[in-house]
Every structure is written in C-alpha cells, then in structure tokens.
Amino acid sequence: MSEHPLPPAPPPAPAAAAAPVDLQHFLQIFSAVMLPMFLASLDQTLLAAASPAIAAEFGGLADTPWIALGYLIASASTIPLYGRLGDRRGYRPMLLAALALFGVGTTLGGFAGGMGTLVAARVLQGLGGGGLMVLSQALIGELVPPRERPRFQGWFAAVFTLSSVAGPVIGGWVVHGPGWRWLFWGLLPGVAFALWRVSRLPRRAAAPAAPDAPPFDGVGLAGFVLATSGTLVWLTFAGHRFAWGSPTGLALAGAALAGWLLLIGHQRRRARRGAAFLPLDVLALPGLAAVAGTIVVFAGAMFALVFFMPVYVQLGHGADAARAGLALLPLTLGMAAGATLTGRVVARTGVAGRLPPYGLALAAAGAAMLALLPSTPGLRALAMGLCGLGFGTVMPNAQILVQTVAGRERLGAASALVSLARALGATFGTAVFGALAFEALAGEAVAQPTGAAAVALTRAFHLGFGVLAGVLLLGALLATRMPRLALGPRGEAAAAAVGPAGAD
C-alpha cells in the first residue's frame, strides 16, 4: 500500500507550550474538561434501559429509538457550527453557552408529558450537547502540547467510554427505583458544577479570523438536517408504519437520496471558497478520510450495542431494567481497558494509528459470537468484553491523528470532524439496528413479548448482531488506511514515520 504524504510540519511550539504538563495543570484541565465530555456521552445512552418503561407510559416501542435519534441528529447538526465558532470566538465561552443550552433541555425533559415533547426536549439537549464534546477536545488541543496529548487522550477516552456505556447501567437502576424522569433531573447538579469549573479555565484569545472570512453556510446546515432526518425517518418507520416498497417508502428514500446529492454538490462548491458547513477542508488532508470512516463504523456498532442490548435482554430474556443495564458492564470495562492501554502505548512509543485495525477485528469477533453462539449470560459477557476491548483502540488514535495533522489553526474544525463522524455513525447505527430489530414486532409490542413474538424478536436481534460483525470487519479493513503517525520529541509530526496503519 502506498504511503500517505504528510503536509508540512507545523512550526515548533514555543518552549512554554512544549514543556511537560505538571500534575497541578493536568488536574485543572482534567477536572474542567472531563465533566462536559462525561455529560455529553452519558446523556446519549442514559435512556437506553428506560425504553420499555417509557413505551409503557407513552406507547409505541418502535418509536423509542427517536429518543436517541432526536438527540443525535441535533448534536450532529451543531457540531461543525460549534467547531467553527470556537475557532473564531474562543472555545471556553462557546463551551459555557453549550452547557447552558444543554441544561435547559435537560430540565424540560424531566417534565415531558408525551413521546413528542420528550423527543423535543432531547432535540434541545442535543443542540447544546453537540458542543460539549467537540469544544472539550478543542480545549485539550489548545491547552496541551501534542506530545502530552496521548496521556490526556487515554484518560479522556476512558471517561468517554465509561460514561457512554455506564448510561444504561445507571439508567436501569434509576428506572427500577425513582423512575425514568430522574434520569434528566439527576443531571442538573452536574451541569451547574461544569459551568463553574469551565468558567475557571484560563482565558485564551481566539485565533484571529481572516478579514475576508466567508459567512457561515446556513444553506449547508439546513441541507444537512433535512438529508439526515429524511434518511432516518425512512429507516425507522419503513417496515411498520409503511412497507419498504410502498409509494411512501420509495418517495422517502428518493427524497433522502436527492437531499444527500444536493448537499454534497453544494458543499463541494462552498469548500472551494473555504466556506462549507461540513469540515471538508480537514477531511481532504492526507489519511483523514480513512480516520473519519473508521470512526463512523466504530460509533455505529458501539451505539447499536449500547442502545439495544438492554432492550434485547429485557424483551428477549425477561430481565428487569437494572439487570439489563448491568449486561453492558463487560462492554464498559473492555472499552475503558482498551482506551487506557491504547493511550499509554501511544504515549510510550510516540506512534499513533497502529492499533485500530486489530481492535475492530477483535470487536467483529465479539459481534459474531453474539450472532452465532447461544445467548447465555457468560457468553454474552465474553463477547461484549471483546467488543469493548476492540472499540477502546479507536478514539485515542483518531483524536491524536486528526489534531496533529490539522494543526493549531484548525483545531475546532478538526475536533468537529471527529465528533461529527462519531455522531453520524451513532445515528445511523442506531437507526439501522432498530429497523432490523423492531420490524419483527410490527410496532405493536410495549410489554413483554411471548411465544412467537419473542422468538421473532430474538431472531431479529441475532441477525442484527451478524450485520454488525460484517460491518466491523469492513471497518477493520478501512482502518488499515489510517495514517501511522510518529510524534517528535516536542509533538511535531515526524514525516518519515507516516504510513498506513497496517504497515510495519
């Protein structure tokens, strides 16, 4: 395989920026930036184990994926906006604004009186949540020199993975106790504390904007929302609201395809002037398209497991919400171990991008076990642990590669690319897996299915696990095209050590 050429190395950082981060500085940054990341990733999965309980109160089990999809669509739509605004106006003030908006949506979610109002509150949460991850990552890039980032990325990846998959565990306990509304109200003290801690971070001047900087691409934003939403409506409603091949289904599929084609054409025209809504300028850098594609596969598979494994355990095996949440504990531990180990390996060797192909192949083996082997608690735990260990290799490498290749002047756009790829993968992975699983129920079951319905549900979930295994194998092949990037002694890219991840 041919090597990816590296763009010119950035100029050496000032001595103060390149100095190692001492413990006090580490704790200051970690305690401030960790909590918004924790809230963002926790909230995306917190309601997973609550889906049957919410469906029992509001009706419509097959509509419950929209509790997640509403958040994910809104989050994905605002990620590029936050990235560019952070580049122009500063990451700290934009993170404070995103936290405030997230808090308003969280408050309203606890008072929702129906499925529609609950989804609307989740959309409002997502409008703020889209900035929490991307701006937190950009702050790491702003405050920490590149050579020191692996140490931070390992810890932050562990926080992200722990919170993402701890959401269903916590959610199961809360649903089993005070009720699902406390999944919203319980976040409010964390939001308030995060606002205070971020406000204590040092103020840094935003990168100066070019005098002829183009205006924000509002048409691109609207096109992205319409194309994404149309595709998701078709994926989630076809099969139970209307047939896949019905006039309605075909019309929605055609409209979604036309929306994507128009959006891509518009974005390419805007990209030539450096004014596209999507971070195409960063995506065009050598090797970063493979990084983004790998993140999409990783996030799609991970969030499909996180959202639907608790539902599968409750509806297919009769577990309560608390035990269903605990079914994700092996995934939690595996991801935390994989992310932490990966961060330490990259920090010690100074080479990023080597592990994701092997990690995704390991995750594919775990998904294949879920699809093919008997669904006993022990085998499920082993398979989920393998998936988690493999997933944990992706994000630490991806963050370092994208931020290093993009450079300081595009930290916000680079972080937006990573977060957008992750959000798109999570959104479409959740929608596709939900379409496969809930089509067997025809949208009718809100209680424990029995007899033929339970058999059909189990068969549909095993089919979904098999599809995940195939997708993860394709992701492992794609990950071999990721750059393998060596960091110099002060964090600058070492061009001689860049190549495909699979090359040794």
Rounded distance (nearest 0.5 Å) linking atom CG of L372 with atom NE2 of H462
9.5 Å
With the side chain counted from C-beta on, respond yes when F391 and L305 share a heavy-atom pair under 4.5 Å apart, and no when they do not.
yes
pair L127-F102: side-chain heavy atoms closer than 4.5 Å
no
Start with the C-alpha distance between V296 and F428, add both sets of side-chain angles, then the distance that settles side chain to side chain contact (heavy atoms under 4.5 Å, CB included), and finish with yes or no.
CA-CA 9 Å; V296 168; F428 286 101; over 6 Å; no
Walk me through whether H266 and L262 qualify under side chain to side chain contact (heavy atoms under 4.5 Å, CB included).
CA-CA 6 Å; H266 173 76; L262 291 173; over 6 Å; no
Working to the nearest 0.5 angstrom, can you tell me the gap between I67 CD1 and R122 CZ?
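That separation rounds to 7.5 Å.
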Please report the interatomic distance CG(L370) to CZ(F461), rounded to the nearest 0.5 Å.
12.0 Å
Over all heavy atoms of both residues, which pair between A363 and C387 is shortest? Give the atoms and the distance, please.
O-SG, 3.4 Å
Which atoms form the tightest heavy-atom contact between V394 and P356, and what is the distance?
CA-CG, 4.4 Å
Of all heavy-atom pairs between V306 and P310, which one has the smallest distance, and what is that distance?
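Distance-wise, the nearest heavy atoms are O-CD, 3.2 Å.
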Do you know the tightest heavy-atom contact between A361 and A476?
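A361 and A476 have their closest heavy atoms at N-CB, 3.8 Å.
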How many angstroms lie between CG in L417 and CG in L288, if you round to the nearest 0.5 Å?
6.5 Å
Among L95, L35, L101, which residue meets the side chain to side chain contact (heavy atoms under 4.5 Å, CB included) test with L132?
L95
Walk me through whether L257 and W234 qualify under side chain to side chain contact (heavy atoms under 4.5 Å, CB included).
CA-CA 11 Å; L257 178 61; W234 173 65; over 6 Å; no
So among T106, D43, L46, which one has a side chain to side chain contact (heavy atoms under 4.5 Å, CB included) with L183?
L46
Tell me the closest heavy-atom pair linking L135 and G86, and the distance in Å.
CD2-CA, 4.2 Å
CG of L472 to CG of L478: how many Å apart, nearest 0.5 Å?
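Reported to 0.5 Å precision, the distance equals 12.0 Å.
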To the nearest 0.5 Å, what is the distance between CG on L69 and OG on S75?
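If we round to the nearest 0.5 Å, L69:CG and S75:OG are 12.0 Å apart.
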Got T117 and F58 here, is their nearest side-chain heavy-atom distance under 4.5 Å?
no
Criterion side chain to side chain contact (heavy atoms under 4.5 Å, CB included) on N397 and R354, from CA distance to verdict:
CA-CA 8 Å; N397 286 279; R354 181 180 291 166; 5.8 Å; no
Please confirm whether the backbone N or O of G103 pairs with a side-chain atom of T107, one donor and one acceptor, at under 3.5 Å?
yes
Any idea which heavy atoms bring A100 and L195 closest together, and the distance?
N-CD2, 4.2 Å
Applying the ring-ring contact (aromatic ring centres under 6.0 Å, His included) criterion to F433, which one of Y312, F465, F307 satisfies it?
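Option passing the ring-ring contact (aromatic ring centres under 6.0 Å, His included) with F433: F465.
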Report yes if some heavy atom in the side chain of T427 is under 4.5 Å from a heavy atom in the side chain of I73; otherwise report no.
yes
